[in-house]
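Structure first, then comments.
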Amino acid sequence: MNNFELYNPTKLVFGKGTVGRLGELVKPFGTRVLLVYGGGSIKRTGLYDQVLSQLSGIGVTVRELSGIEPNPRLSSVHKGVEICRKENIDFILPVGGGSVIDAAKAIAAGAKYDGDAWDFCTGKAQIEDALPLGTVLTLAATGSEMNGNAVISNWEEKLKRGLGSKLVYPKFSILDPELTFTVPRDQTVNGIVDIMSHVFEQYFSRTTDIPLQERFAESVLQTVIENGEKAIENGSDYEARANLLLSGTYALNGTLPNGVVTDWATHGIEHEVSAIYDIPHGAGLAIIFPNWMKYVYQERVERFVQYAVRVWNVDPAGKSDDEIALAGIQATRDYFTRIGAPATLGELNIGGDQLDRMAEEAVRYGAIGSFKKLEKADVKRILELSL
Ligand SMILES: NC(=O)c1ccc[n+]([C@@H]2O[C@H](COP(=O)([O-])OP(=O)(O)OC[C@H]3O[C@@H](n4cnc5c(N)ncnc54)[C@H](O)[C@@H]3O)[C@@H](O)[C@H]2O)c1
């Protein structure tokens, strides 16, 4: 196991009716709140009214930024920064999924920076200060509710880039599984794939002697696999939604990578696809991940054997290591297909004309991944397998 530091200051408030604690949670942080949300699903579900009633109960001034896109755009971040400056905002409250939360993080940092918030995504500037934020999560997927990361799309330049800082961890996140009952089937599927992919990026590692981290990862995967199907079957299954929601948080809140060299190549590749075609992140991952697995598994076949046996209950009797590993990879693809995720870029009307550009962008700072270091030709091959 490698040395590591674990830092996570986010207070998680989990369970039925926890939106009723929003006022009490916001109160210590500010008096002028920017409420950030997406396309209006929170109005249809009544959550918007609940949030406003909590905020009016503590007498804060509320300004709003709505219309945050899935794959949130830099233009929305700019709008939010402008409101923060003009209105002297001192606290940001995103209510929604990862896109809304990510936009809020970029706004929080951008509001305290003289230049363009995009600089944090290109490495031109580091985040040195940020407004505090707290979240009300409505979708199980990204883990953004309990980490310091955000992913922003620069639509004009067709680039999707991440930022990360200890300063943008949410002060608190409210996770009420009932708020996820209205998540449509396709978004539930995207969320399941996203959560599993976060685990894959940390589980398929060359680091040895990490049994606790491996079992953490395998338990998150098994919990998602079981409860994901239940949540798809019955969107109002509280226990299934609750288990999925908590799995999403644990998949990316810093628990799994302790002492582990992680990979993240597949996320890098997917970001290049969704930067150009604006497809849901989870859909892109469902297509690319099993192809990445097939491409790299021989680098450390025993890790894929363990995955097949422990996560998918593949019977190893009479099979070679290669056969067991490939059976686990096939089980992954079959599961994604069973829940309704796409298997090829073609299903999303994406052809091969931009493969070179995507492969080139994916390795712009050098080879990506650590399980197998991927150069441009490797990325292109994985994308070709995904067509
Ligand atoms: N910050 C991170 O650590 C991190 C990790 C992975 C991915 N991401 C990024 O997060 C973004 C995706 O976020 P996401 O997967 O949470 O989806 P999302 O926030 O983009 O939401 C997807 C859709 O679901 C709708 N929705 C959300 N909650 C709903 C509800 N309760 N009922 C009905 N509809 C609802 C939204 O309006 C939207 O149309 C991508 O940009 C991705 O790159 C961030």
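Atoms within each ligand, like the ligands themselves, are counted from 1 in listed order.
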Check ion pair K373-E375 (N to O, under 4.0 angstrom): no
D176/K16 salt bridge by N-O under 4.0 Å criterion: no
Would you say [X] has any N or O atom under 3.5 Å from an N or O of ligand 1, going by distance alone?
{"X": "N149", "result": "yes"}
{"X": "N147", "result": "yes"}
{"X": "L179", "result": "yes"}
{"X": "K160", "result": "yes"}

For L252, atoms of ligand 1 separated by under 4.0 Å from a heavy atom: 3 (O), 5 (C)
Within a 6.0 Å radius of atom [atom1] on [X], are there more than 12 heavy atoms belonging to other residues, nucleotides or ligands?
{"X": "K27", "atom1": "NZ", "answer": "no"}
{"X": "D114", "atom1": "CG", "answer": "no"}
{"X": "F91", "atom1": "CZ", "answer": "yes"}
{"X": "E82", "atom1": "CD", "answer": "no"}
{"X": "K171", "atom1": "NZ", "answer": "no"}

Counting only heavy atoms, tell me which of [options] gets closest to [atom].
{"atom": "atom 32 (N) of ligand 1", "options": "I152, D186, T182", "value": "T182"}
{"atom": "atom 5 (C) of ligand 1", "options": "V100, T142, N71", "value": "T142"}
{"atom": "atom 29 (C) of ligand 1", "options": "T138, N190, V95", "value": "T138"}
{"atom": "atom 18 (P) of ligand 1", "options": "S99, G96, P72, S144", "value": "S99"}
{"atom": "atom 9 (C) of ligand 1", "options": "T45, I101, D102", "value": "D102"}

For L385, side chain to side chain contact (heavy atoms under 4.5 Å, CB included) partners two or more places apart: N291, Y295, R381
Quick one: look up the protein heavy atom nearest [atom] and list residue, atom name and how far away it is.
{"atom": "atom 22 (C) of ligand 1", "answer": "Q187 OE1, 3.5 Å"}
{"atom": "atom 16 (O) of ligand 1", "answer": "G98 N, 2.6 Å"}
{"atom": "atom 15 (O) of ligand 1", "answer": "A141 CB, 3.5 Å"}
{"atom": "atom 17 (O) of ligand 1", "answer": "L139 CD1, 3.9 Å"}
{"atom": "atom 39 (O) of ligand 1", "answer": "P70 CG, 3.9 Å"}
{"atom": "atom 6 (C) of ligand 1", "answer": "H198 NE2, 3.3 Å"}

Derivation and outcome, side-chain hydrogen bond (donor to acceptor under 3.5 Å, both in side chains), residues E5 and N258: CA-CA 7 Å; E5 274 181 31; N258 295 332; over 6 Å; no
Within reach of ligand 1, part of S41 (heavy-atom separation under 4.0 Å): side chain
Proximity to ligand 1 by part of P184, non-hydrogen separation under 4.0 Å: side chain
Reference residue Y307; test ring pair (Phe, Tyr, Trp, His ring centres under 6.0 Å); the match among Y297, F200, F371: F200
Proximity of Y7 and Y169 rings by center, below 6.0 Å: yes
Pair Y113 and F120, ring centroids less than 6.0 Å apart: yes
Contact bool for atom 36 (C) of ligand 1 (protein heavy atom, d < 4.0 Å): no
